[in-house]
Number of protein chains: 2
Amino acid sequence: MPRKATSQDVADLAGVSRSAVSLVLNGRGAGNIAADKQALIVAAAQQLNYTPNTVALSLRSRRSSTIGVVTDAIATSAFGGQLLEGAADVAVAEGYLLLVIDTQNDLGRERRAYETLQNRQVDGFLFAAMSLRAYDVPTALRSATCALANCFDPADSAPAFIPDEVAGSRAVTQHLIDRGHRDIVMLTGTSDVVASGLREQGFAEAVAMAGLQVPGPVTAGWEIDKGYAAAMHVLSGDRPPTAIVCANDRSAVGVVLAAAHLGLSVPGELSVVGYDDDENVAPCLVPALTTVRLPHREMGERAMRVVLDRVLDDTPASAVSETRPALRTLLDCPLVIRESVAPPSR
Amino acid sequence: MPRKATSQDVADLAGVSRSAVSLVLNGRGAGNIAADKQALIVAAAQQLNYTPNTVALSLRSRRSSTIGVVTDAIATSAFGGQLLEGAADVAVAEGYLLLVIDTQNDLGRERRAYETLQNRQVDGFLFAAMSLRAYDVPTALRSATCALANCFDPADSAPAFIPDEVAGSRAVTQHLIDRGHRDIVMLTGTSDVVASGLREQGFAEAVAMAGLQVPGPVTAGWEIDKGYAAAMHVLSGDRPPTAIVCANDRSAVGVVLAAAHLGLSVPGELSVVGYDDDENVAPCLVPALTTVRLPHREMGERAMRVVLDRVLDDTPASAVSETRPALRTLLDCPLVIRESVAPPSR
DNA sequence: CTGAAAGCGCTTACAG
DNA sequence: CTGAAAGCGCTTACAG
């Protein structure tokens with residue numbers, strides 16, 4: 001790679017000092033440098049294709065224009081990318097870049113990730129979980145600028161942006177009730193996932209609010225085959241429901257497949273709703289799936305926004321604790337209505 | 001954030017010079033620094049929790065220990081994460097971190113991405129495509145250290161690591177033939193995707209090799225509903241096939257669903273195979289899907305390996321062209337046998 | 001209005 | 001065996 005031009009090169013070519021180059025190129029030439037020299041400098045910079053060396057800038061300013069992102073399992077999820085993309089877009093708009101390290105849920109790796117990132121002089125941290133969960137912010141980071149996306153600190157030591165799972169689940173259940181359903185069963189995910197319980201809660205609230213008896217949830221899981229098996233069980237019972245609320249979109253695929261095997265048309269004889277608005281599944285299932293959208297992109301954007309605002313503010317550490325934003329911000333999970341819901345046939 | 005300790009702090013605490021600290025901490029103390037001072041320095045470093053400032057290191061060494069990764073659409077794909085994870089793991093093992101920028105397939109963003117990365121003094125570049133394609137390496141990078149993952153330069157200006165799509169498709173088709181199928185139809189993806197044509201080719205080769213007539217492929221697409229519609233069409237024809245080769249796993253979901261609607265059991269009356277080994281689909285479809293695994297992780301690992309080897313070698317630029325590795329490396333796409341294939345029933 | 005100096009934190013020749 | 005100096009590329013007071 002041909003060595004990049006430095007400000008010295010520009011100064012030499014323009015016949016001025018490095019200081020002058022710096023001043024002019026940073027918009028502080030007016031009133032400091034003669035107009036003709038300014039033009040010379042600009043031309044020289046252009047000619048040499050000069051851009052300042054970010055590393056040198058960082059050393060001097062003691063700012064790296066880099067945010068460290070620690071994530072627990074990015075590869076597992078198709079959603080990880082959206083969260084990260086939202087965060088990256090916000091960062092890039094401010095001239096920031098992301099250094100992301102995936103810990104694969106390994107505590108040792110996590111500790112090393114923070115060390116590595118700290119050595120790289122990142123200006124702030126973002127922790128992003130691929131599935132909603134509690135996350136204990138390491139004490140070493142308590143004094144650093146950081147925010148959480150799709151997770152929250154039980155001790156609330158950092159601002160967190162999480163989906164309003166309860167409201168989302170309530171809304172999609174309510175949608176079913178509004179269309180006339182009275183016999184609704186929920187197929188839940190696994191209890192190790194925080195969202196599972198929250199979605200159950202939203203379901204129960206909507207059902208109870210409608211004056212219906214809350215049926216015991218049926219544990220299914222998150223995969224196609226889990227939804228399939230649970231649906232086979234539920235739909236073969238003595239009093240099958242007219243609608244099924246699934247733990248997520250993939251489980252809904254299993255339900256739709258089970259209905260097909262049972263000769264039940266969807267949504268004619270059975271309404272089905274999912275959760276996630278998984279772009280690879282929901283819009284192209286047959287029929288297209290009514291579901292709830294998880295605000296992954298927004299979580300990334302919002303969390304990065306608060307980190308950046310603090311970093312850019314450059315508030316002295318002492319003033320930081322004064323104006324903390326709301327510690328846990330619940331983000332809307334909008335209902336996405338498609339074709340998998342119809343009024344009950346009986 | 002409390003200011004990190006510097007080597008000066010360590011030197012002060014140990015009562016020596018910065019040079020001594022540097023020497024000892026970099027393992028060059030023996031024969032240079034007295035044993036007792038060495039101990040003092042190590043102790044001081046430990047006590048202050050000293051780690052060198054990577055930014056300062058970079059400025060001096062003119063190496064950033066960072067590789068720039070430019071990607072075309074990471075968020076769209078569940079696979080993007082695996083490729084990146086493979087690349088990141090290889091990089092981290094060498095003390096390298098990744099700066100990844102997604103261009104969202106926008107040429108302007110791509111140009112700016114390279115500029116940004118170059119300003120950040122990255123030591124090398126990786127370009128990763130989310131879907132196999134041709135990629136013209138910008139001339140500005142011709143002299144830089146770079147490699148391609150899941151894409152290739154038509155001008156072969158950089159080493160590329162891509163999946164052997166033809167062989168993968170051939171193998172899965174052969175598997176069907178081995179199990180006795182003679183009436184096999186392929187549902188293809190869309191022609192804008194390079195892999196589509198390659199998979200067609202592999203299919204045609206296997207069929208021809210078995211002495212069978214090659215049926216015209218049926219264009220379906222990559223989504224569940226596309227596979228569904230195409231399967232409905234093909235299976236309702238006068239002479240339905242006994243097996244269907246799908247463009248990818250998601251399309252196979254549609255095929256399985258269509259079969260269910262038609263009362264055809266899979267694999268009893270219809271065998272179905274996919275492509276991708278999408279972890280969210282293939283292992284948990286009902287029945288679990290026989291498919292072909294795309295080597296995403298390997299592409300990331302291999303491409304990063306060659307970038308790093310060159311960077312670490314520090315070969316003078318002049319010597320680089322001498323020992324170039326094979327320019328396009330085809331990576332194996334292994335057949336993954338599960339439950340969706342059985343001998344034909346007629 | 002402009003140039004020389006200092007310093008961000010580090011390592012590596014180079015004197016002593 | 002050890003410390004002082006130089007330099008990576010930049011910007012910002014500070015003299016002139």
Under the rule for salt bridge (Lys or Arg N to Asp or Glu O under 4.0 Å), what residues qualify as partners of [X], not counting sequence neighbours?
X        : answer
B/Arg133 : B/Asp72
A/Glu301 : A/Arg297
B/Arg28  : none

How far, in whole Å, is D/dG7 from C/dA4 if one measures between their P atoms?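 Here C/dA4 and D/dG7 have their P atoms 16 Å from each other.
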Roughly how far, to the nearest 0.5 Å, is the [atom2] atom of [Y] from the [atom1] atom of [X]?
X        : Y        : atom1 : atom2 : value
B/Asp123 : B/Ser58  : CG    : OG    : 7.5 Å
A/Arg112 : A/Asp106 : CZ    : CG    : 6.5 Å
B/Lys4   : A/Gln121 : NZ    : CD    : 5.0 Å

Closest contact, heavy atoms only, A/Leu98 versus A/Ala87: CD2-C, 4.0 Å
Closest non-hydrogen atom pair between A/Cys146 and A/Leu141, with its separation: SG-O, 4.4 Å
Contact state string [nucleotides 10-16 of chain C, B base, S sugar-phosphate only, - no protein heavy atom under 4.0 Å]: BBB----
Name all residues meeting the side-chain hydrogen bond (donor to acceptor under 3.5 Å, both in side chains) criterion together with A/Glu94; count only those two or more places apart in sequence or in a different chain, and write none if there are none.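 For A/Glu94 the side-chain hydrogen bond (donor to acceptor under 3.5 Å, both in side chains) partners, ignoring immediate neighbours, are A/Arg305.
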Interatomic distance where [atom1] belongs to [X] and [atom2] belongs to [N] [whole Å]:
X       : N     : atom1 : atom2 : value
A/Leu59 : D/dC8 : CG    : P     : 13 Å
A/Arg62 : C/dG7 : CZ    : P     : 12 Å
B/Leu40 : D/dC1 : CG    : C1'   : 15 Å
A/Arg63 : C/dG7 : CZ    : C1'   : 18 Å
B/Leu25 : C/dG9 : CG    : P     : 17 Å

Of all the choices, C/dC1, D/dT2, C/dC8, which nucleotide is nearest to the side chain of A/Ala34 once you look at every atom?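 Nearest to the side chain of A/Ala34 among the choices is C/dC1.
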Closest to side chain of A/Ser17, choosing from C/dC1, C/dG3, D/dG3: C/dG3
Secondary structure of DNA chain C in dot-bracket form (Watson-Crick or G-U wobble, distances below 3.5 Å, | marking inter-strand pairs): |||.||||||||.|||
